[in-house]
Trainee: 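This is the structure, below, for whatever I ask next.
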There are 2 protein chains.
Amino acid sequence: MKIGELAKLTGVSVRSIRYYESQGLISPIRQANGYREYSPLAVETVETIKLYLNLGLSTEQIAGFLHCVLKNKEAFCAEVMPLYRSKLEDIERQLVELNQIKRNLEERMASILQEQNESSLEACTLENLE
Amino acid sequence: MKIGELAKLTGVSVRSIRYYESQGLISPIRQANGYREYSPLAVETVETIKLYLNLGLSTEQIAGFLHCVLKNKEAFCAEVMPLYRSKLEDIERQLVELNQIKRNLEERMASILQEQNESSLEACTLENLE
DNA sequence: GTTGACTCTTACATTGATGTCAGGGTTTAT
DNA sequence: ATAAACCCTGACATCAATGTAAGAGTCAAC
């Protein structure tokens, strides 16, 4: 099949499929006219790439084990587990950082609201005294 | 003071201070020789910029309220609270997304470990039968 | 044989704060 | 007066996947 059809079948843009090729993730043969020709298996390949990209892995990381996981179960690809571990550590670091920022934001918001309340209380008191 | 001194006092690189200026966050006067001249108050300005950057706000957003918060308490700067709210929403979206990815990763890791365990159990059984 | 729908390659844009470098002026201390 | 240390502007690089567009070739249908 041609690249446009592969794009439709997978929901991935033509641009992205060509990019995956430039990163060594997929290698279509070329027809006499220069068009890329994909086997039906390419659909699974692209779906697999999508899956790993959605897990936050980079194309470079995916390139390291894609061949293996297309032929075997993940459990038999030794490269996968260490990547998952380090990705998980990344994510946990990001979660810590985001939660820290979140707490800081919430504290600042709370203190703004408190100051505003105090101001309106003052105002009310003044009004009451008048 | 000159830019190098301001950089040392604040721990912010000269490059970044110039960048803040290009974004309209700080406006030193120029000496006859073209050098930037900062008042002592610039230290507080840069520290304040740092604080908001660390909260994840962009220089563009900071530009919208920096003048106000340098003169008043945050609670009196109407622009601040809406920004905090939308930033908090951003962060909560990111937390949801990261947690989703984390769960997916952990599931995949668990199933890999399980398959590997099953494999080694099989192996052991075979050995025992020999 | 012409038009429309594909395809090709190449290349720039996106995002945003920061690093770094080049080429050139200024100041300060020796 | 010279060297070291500073300052200036301008510009490119970073990260990474994707969008977009130009200019050109191919193919199918009418």
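Letters A, B, ... mirror the listed sequences (proteins, then strands); counts begin at 1. Everything numeric in this text was worked out from a predicted model, so none of it was measured.
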Trainee: Between Ser16(A) and dA17(D), does any side-chain N or O lie under 4.0 Å from OP1 or OP2?
Mentor: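 Checking dA17(D) against Ser16(A), no side-chain N or O comes under 4.0 Å of OP1 or OP2.
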Trainee: Of Ile91(A), Asp90(A), Leu88(A), Asn54(A), which is the lone residue that meets side-chain contact (heavy atoms from CB on, under 4.5 Å) with Ile101(B)?
Mentor: Ile91(A)
Trainee: Answer yes or no: does a side-chain N or O of Ser13(B) lie under 4.0 Å from OP1 or OP2 of dG19(C)?
Mentor: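 Result: yes.
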Trainee: Rounding to an integer number of Å, can you tell me how far Ile17(B) CD1 sits from dC8(D) C1'?
Mentor: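 Whole-Å distance recorded here is 15 Å.
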Trainee: When the distance from CG of Asp90(B) to C1' of dT15(C) is rounded to whole Å, what number comes out?
Mentor: 14 Å
Trainee: Do Arg18(A) and Arg36(A) make a side-chain contact, defined as non-hydrogen atoms from C-beta onward lying under 4.5 Å apart?
Mentor: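 Side chain of Arg18(A) against side chain of Arg36(A), heavy atoms only: contact under 4.5 Å found.
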Trainee: Angle between the end axes of the helix from dG1(C)-dC30(D) to dT30(C)-dA1(D), five pairs per end, to the nearest 10 degrees?
Mentor: 30°
Trainee: Between Arg18(B) and dC8(D), is there a contact of a side-chain N or O with OP1 or OP2 at under 4.0 Å?
Mentor: yes
Trainee: Under 4.0 Å: is that the gap between some side-chain N or O of Thr59(B) and OP1 or OP2 of dG16(C)?
Mentor: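 Thr59(B) to dG16(C) OP1/OP2: no side-chain N or O under 4.0 Å.
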Trainee: Check for a donor-acceptor pair, side chain of Lys87(B) on one end and backbone N or O of Leu55(B) on the other, with a separation under 3.5 Å.
Mentor: no
Trainee: If we ignore angles and hydrogens, is there a donor and acceptor under 3.5 Å between the side chains of Ser13(B) and Ser16(B)?
Mentor: yes
Trainee: If I take atom CD in residue Glu37(A) and atom C1' in nucleotide dC27(D), what distance separates them, rounded to the nearest angstrom?
Mentor: 14 Å
Trainee: To the nearest angstrom, how far is Leu55(A) atom CG from dA16(D) atom P?
Mentor: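 Distance, rounded to whole Å: 17 Å.
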Trainee: When you check the gap from the basic side-chain N to the acidic O, do Lys50(A) and Glu47(A) get nearer than 4.0 Å?
Mentor: yes
Trainee: For Gln23(A) and dA17(D), give me the distance from atom CD to atom C1', rounded to whole Å.
Mentor: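 Checked: the CD to C1' distance equals 9 Å.
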Trainee: Just how far, in rounded Å, is P of dC8(D) from OH of Tyr38(B)?
Mentor: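 Checked: the OH to P distance equals 7 Å.
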Trainee: Could you tell me the separation between the CG atom of Leu53(A) and the P atom of dC15(D), rounded to a whole number of Å?
Mentor: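 Rounding to the nearest Å, CG of Leu53(A) and P of dC15(D) are 18 Å apart.
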Trainee: Verify the cluster assignment for Val69(B) and Met81(B): are they in a single hydrophobic cluster under the rule of side-chain heavy atoms below 4.5 Å apart?
Mentor: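 They do share one cluster, since a chain of ILVMFWY contacts under 4.5 Å joins Val69(B) to Met81(B).
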Trainee: Between Tyr20(A) and dT18(D), does any side-chain N or O lie under 4.0 Å from OP1 or OP2?
Mentor: yes
Trainee: Could you write nucleotides 25-30 of chain C as a row of B, S and -, 5' to 3', where a protein heavy atom under 4.0 Å of any base atom gives B, of only sugar-phosphate atoms gives S, and otherwise -?
Mentor: BBS---
Trainee: For a quick test of reading the model: is some side-chain N or O of Tyr19(B) closer than 4.0 Å to OP1 or OP2 of dA17(C)?
Mentor: yes
Trainee: So, does Gln94(B) use its side chain to make a donor-acceptor pair with the main chain of Leu98(A) at under 3.5 Å?
Mentor: no
Trainee: Starting at atom CD of Glu21(A), determine the distance to atom P of dT10(C), rounded to an integer number of angstrom.
Mentor: 12 Å
Trainee: Between Tyr84(B) and Arg108(A), is there a side-chain donor-acceptor contact under 3.5 Å, judged purely by atom types and distance?
Mentor: yes
Trainee: Other residues, nucleotides and ligands only: do more than 12 of their heavy atoms fall within 6.0 Å of CD on Glu44(B)?
Mentor: no
Trainee: For dT20(C), does the base pair up with any side-chain atom of Arg15(B) as donor and acceptor (N or O, under 3.5 Å, distance only)?
Mentor: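 Yes.
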Trainee: May I ask you to say whether Arg30(B) pairs ionically with Glu37(B), meaning some side-chain N is under 4.0 Å from a carboxylate O?
Mentor: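 Salt bridge absent between Arg30(B) and Glu37(B).
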